[in-house]
Structure formats: structure tokens, C-alpha cells
Amino acid sequence: MPLRGLTPSETYQHFHNIKRMNQRHDIDLSAIPAHVAIIMDGNGRWARARGLNRSAGHAEGVNTVRRITEAASQMGVRYLTLYTFSTENWNRPKDEVDMLMHLIVVAIERETPDLIKNNVRLATIGDMGRMPDEARSRLERCISDTAHCTGLTLILAISYSSRWEITAAVKELAAQVAAGKTAPEEITPEMISSHLATRDFPDPDLLIRTGGDLRVSNFLLWQIAYSEIYVTPTFWPDFDKDAFAEAIAQYQTRERRYGLTSDQISTATETPKI
């Protein structure tokens, strides 16, 4: 049966491409991470290495977003969160900020028909009130246009930082305590999670950072407490489907213990004898 929006021949090619990629990287399709988060770093350095303006790196990075969204969807990833624009990025030179805002909105509008064709739902997390009104309105229209899609959820972290998010959650909880609606001793980790921008999404299983830097840059600090982390020196514009598949393959070699020992994990997963 053809996939939604694809002809029979396109559907055949779709599954053929997945099979080839999985065979190259020995990927187990039954163990795909449900949620992958990516710090897309290296656009500026990619451009500088080629004697280009930083804007050229950001523009090429948009093409990578398209490739990786498609790869994630093909593999069966359910949520893909991309660190698109941080609250700290507002401090960059105004010309670059204006260019990034324009590029983000234009790229999303351009890709929306393909997102719908591929059954991808668009969502955002972040302090959207800081965005220019027109950019926010156009972005919200794209979100509305894909709201019916049931496949991969593509989450763009725009005007986002984890400290902003946690601070906002603490303020909400403090207001509840002050109003007598919640007692301090009733506050749990689950309650804090329910006040975060990501309340509607599971925590990431895998965090990927391109560009080689060994830091998390104020991104999903609460949510990645037990995420597997994969760092590659490859700049974001050069990060292709095979590179993404390699990150997934590396993830599948990890033992996720959540504070337990290997023996405890092994015992918990053993099939009981009858």
C-alpha cells in the first residue's frame, strides 16, 4: 500500500532507501529512539572555512534540516527537536538576528507542503512573545496547517533556553503555592515537568550535537537528565542521512541504566520462566 502522499513507485523507493541505510549501519528498527534532540552547530564555521558569509552557512543548514527530518521520519523517530534559535541568540548583531528570523520563517513556509505530504506535524517551544509579530503569525499558520498530521512531530526550539524555561516553571509553581493551591511538599519532579515547555512531549532518548563542542548550551537541561549524548565534529551543513544513521547506530550500542547497575537491568529484562 502506498504511503500517504506518495505514489507506489515513490513508496518502493522510500522503503528501498531505508533498507540500504539500515544495512550500512546495522540499525535495529525495533530499537529506534522515540525522541531525538539536536544542537545544530557549525553553520558559521562551515561558511568561514569556505570563505563565505555566515548567512551562507545558515542557509545551507536549512537544507540539512530537510534531510534529517526526512531521515528521522523514515526510520520511525516519533519526535525530533531542533535547537533553532536560543534566547541568547537575541544578543547577536541585529543584522544577523533579522536574517535568521527571516530565514527560519521563509524556510518553514517553503517546507510546509512537504511536511504535510510526509505526515509531519510542526510544533515549537520557546518564548514566542519575543518574536516579531509577523514572523510569529506566519509560523503559527504553518503549525496550524500541519496540526492534522500524525507521523513525526518536528519541534523547533525558537527563542528557547532551558534556564528561561525552568525559571518560568518555578514562577508558575510559586504562584500556585502563594495562592494556596499547592503546598511546597506536594511539588514533585513530575509536577515540574508538567510546567515546562515540553510538557506535551517525552524526554529525548538521544541528544546529538554537531560541530564538535562538548557542551549542551542551555538546551533541555531538565529533559536530558538520562539522554544518551552523541557528539560529532561534523558541521551541521555537512551532517547527512548517513551521519544521522551512524548516530542512531551508536545509540543502539549504549546500555541505558537510569542509575541502576547492569545486573539490575539484565534481571529486569529477563523473561520469566514458566
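From a predicted model like this one, the values you see are computed outputs, not experimental measurements.
A salt bridge links R136 with D133; the closest basic N to acidic carboxylate O contact falls under 4.0 Å.
Judged by distance alone, the side chains of Q223 and H35 never bring a donor and an acceptor atom under 3.5 Å apart. When only modelled atom types and interatomic distance are considered, E172 and Q176 share no side-chain donor-acceptor pair under 3.5 Å. If you check the side chains of E88 and N218, you find a donor sitting under 3.5 Å from an acceptor. For the residue pair D263 and T261, no side-chain donor N or O sits within less than 3.5 Å of a side-chain acceptor on the partner. For the residue pair T64/R67, the side-chain donor-acceptor check at 3.5 Å is satisfied. Between the side chains of R130 and S159, not a single donor N or O lies within less than 3.5 Å of an accepting N or O.
Under the 4.5 Å side-chain criterion, counting only non-hydrogen atoms from C-beta, Y251 is in contact with R256. Residues I27 and M75 have side chains in contact (heavy-atom distance under 4.5 Å, counting atoms from C-beta outward). I39 places a side-chain heavy atom less than 4.5 Å from the side chain of L207. Side-chain contact between I32 and D205: absent, with no pair of heavy atoms (C-beta onward) separated by less than 4.5 Å. Counting heavy atoms from C-beta outward, T182 and M191 have side chains that approach closer than 4.5 Å.
Considering only residues two or more places apart in sequence or on other chains, W222 meets the ring-ring contact (aromatic ring centres under 6.0 Å, His included) condition with none of them. Considering only residues two or more places apart in sequence or on other chains, D238 meets the salt bridge (Lys or Arg N to Asp or Glu O under 4.0 Å) condition with R50. With sequence neighbours excluded, the residues that form a side-chain contact (heavy atoms from CB on, under 4.5 Å) with S55 are N53, M99.
Linking Ile, Leu, Val, Met, Phe, Trp and Tyr residues whenever their side-chain heavy atoms come within less than 4.5 Å leaves L196 and I224 in two separate clusters. Hydrophobic clustering (ILVMFWY, side-chain heavy atoms < 4.5 Å, transitive): I68 and L122 are in one cluster.
Using a 30° and 60° split on the angle between ring planes, F219 and Y83 fall in the parallel class, below 30°. A parallel orientation is assigned to the rings of W236 and F239, their planes being inclined by less than 30° (bins at 30° and 60°).
No more than 12 heavy atoms of other residues, nucleotides or ligands sit less than 6.0 Å from atom CZ of R163. With a 6.0 Å radius and a threshold of 12 heavy atoms from other residues, nucleotides or ligands, E134 has its CD atom at or below the threshold.
The minimum heavy-atom distance linking S262 with E255 is given by the pair OG-OE1, 2.6 Å.
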